[in-house]
Amino acid sequence: YREMLPINRDEEPVSLGEGGTPLLALERIARELGLDALYVKDESQNPTGSFKARGMSVAVTVAKRLGAKAFVAPSAGNAGGALAAYGARAGLPVRLYVPRDTPPLLIEEMNGYGAEVMFVDGLIDDAGRLAAEYARQSGDFNVATFREPYRVEGKKTMAYELVEQLGCVPGTILYPTGGGTGLVAMWKAFGELERLGWIGGERPLMIAVQSDGCAPIVTAFARGDESATRVENAATRMWGLRVPGGIGDRLSLRALRESGGDAVAVSDDDADTGMNDLHRLEGIDATEEGGATLAALRRLRVGGATLKRPIVLFNTGTSLKYAPRAGAK
Ligand SMILES: *Cc1c(COP(=O)(O)O)cnc(C)c1O
C-alpha cells in the first residue's frame, strides 16, 4: 500500500513484516448469535503482537527520513513494545514513559528491544505530559498518539486489507477504542478508497467498544457531545483502553456519527468471557480488548440492534503479554 502512505517510491521502509493479517471467519460463535457473515481481523499476528506495529513502521520510517535521531513516547504497553522494536530496526534509541502498574511482560518486551523505560505514577495522559516535556528539552521525536500524523497513516492499511479480503466494504466494524487512532485511520482510508473510485459511498457502521471502567467516548457519544470529558479514577484490565480523556476524541466521535455507528461499554468480566470464547471456540489468540468486541456484539444482538453484514470484530493484540493468566478459569 506504499502509494497510499507517506513512503517514497524508492525508500526502504523500516519494516518487520507488519500487516497482511488474516480475516478469520467465526463459525461456532456466528451460529450461537444467529449470524452468517462474522469475522475477526486478527491483529495479534503482527510483529510485537498488536496493530500498533502498522503505525510505528510508517512513523519511524518518515521521522528517520526527516532527521529524527531518537524517539520518545508514552505507552499503555503495546505502543511502547512496537516503538521499541521499530526503533531498534531503525538503529535509533527509544525512551518510553509508562504507568507504573503496566503488566511486567509489556515492560520486559520494551527492555528486551533496548528501550529506556521511565515509570510514571499516573495514567497514559500523565505519561504523555512527561514524554512531551522530555521531547521539548531533548529534541527527540515525540511519537505519542495524534501528536504526529504518521501512525494514523500506517493504520489505514487495516481498512484497505478489509476491503481487499472481503471483496466489499464491511457492513459493521466493532473496534476496541482507546486513543481512537484505529477508528480514525480506517475512516480516513474508506474516504480515500471512494475518491480513488474503488468503492462507492457505502461505509461500515463504526462501533467503538470501551470498558465500563473507562468509557469517555461512549459517554460523549450518548450525550451528543463533540468532545470527551476526562474520566476520573479510570480502571480497567484492558490496558489499551485505559485512556481516560480526549486524545482522538473529536475525530473518533465524528467518525462514529458520520458512519451511523454506535459506542458501547462492556465490563471487563464480559470482555474476559469474549476473549476466552475466541480462544476456545475459534482458536484465536484474542486479547481482552478483542474479547470486548465480542461482548459488545452479544450486547447489541440481545438489544435487537440491526447491524449490516459482513460484521468484523477487531482483535487488536495478543493475550500473551498480559500474563500471568495461567490457571485463571
Ligand atoms: C492501543 C490498543 C487499543 C486502542 O487503540 P486506539 O486505536 O488507539 O484506540 C486497543 N487494543 C489494544 C490491544 C491496544 O494495544
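Order of listing sets the numbers, starting from 1, for every ligand and every atom in it.
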Any donor-acceptor pair under 3.5 Å linking the side chain of [X] with the backbone of [Y]?
X: Glu18; Y: Ser57; result: no
X: Asp126; Y: Leu123; result: yes
X: Thr102; Y: Val98; result: no

According to side-chain hydrogen bond (donor to acceptor under 3.5 Å, both in side chains), does anything in residues 103-115 pair up with another residue at least two apart or in another chain? List the pairs.
Glu109-Lys321
In a table with atom names and distances, give each donor-acceptor pair under 3.5 Å that connects a side chain of residues 64-71 to protein atoms at least two apart or in another chain.
| unit_1 | atom_1 | unit_2 | atom_2 | d |
| --- | --- | --- | --- | --- |
| Lys64 | NZ | Ala90 | O | 3.0 |
| Arg65 | NE | Glu11 | OE1 | 3.4 |
| Arg65 | NE | Glu11 | OE2 | 2.9 |
| Arg65 | NH2 | Pro6 | O | 2.8 |
| Arg65 | NH2 | Glu11 | OE1 | 2.7 |
| Arg65 | NH2 | Glu11 | OE2 | 3.4 |
| Lys69 | NZ | Gly67 | O | 3.4 |

Contacts of Arg254 meeting salt bridge (charged side-chain N to carboxylate O under 4.0 Å, His left out) (sequence neighbours excluded), chain-then-number -> none
Any idea which residues sit under 4.0 Å from ligand 1, heavy-atom distances?
Phe51, Lys52, Asn78, Tyr175, Pro176, Thr177, Gly178, Gly179, Gly180, Thr181, Gly182, Gly240, Leu241, Glu289, Thr316
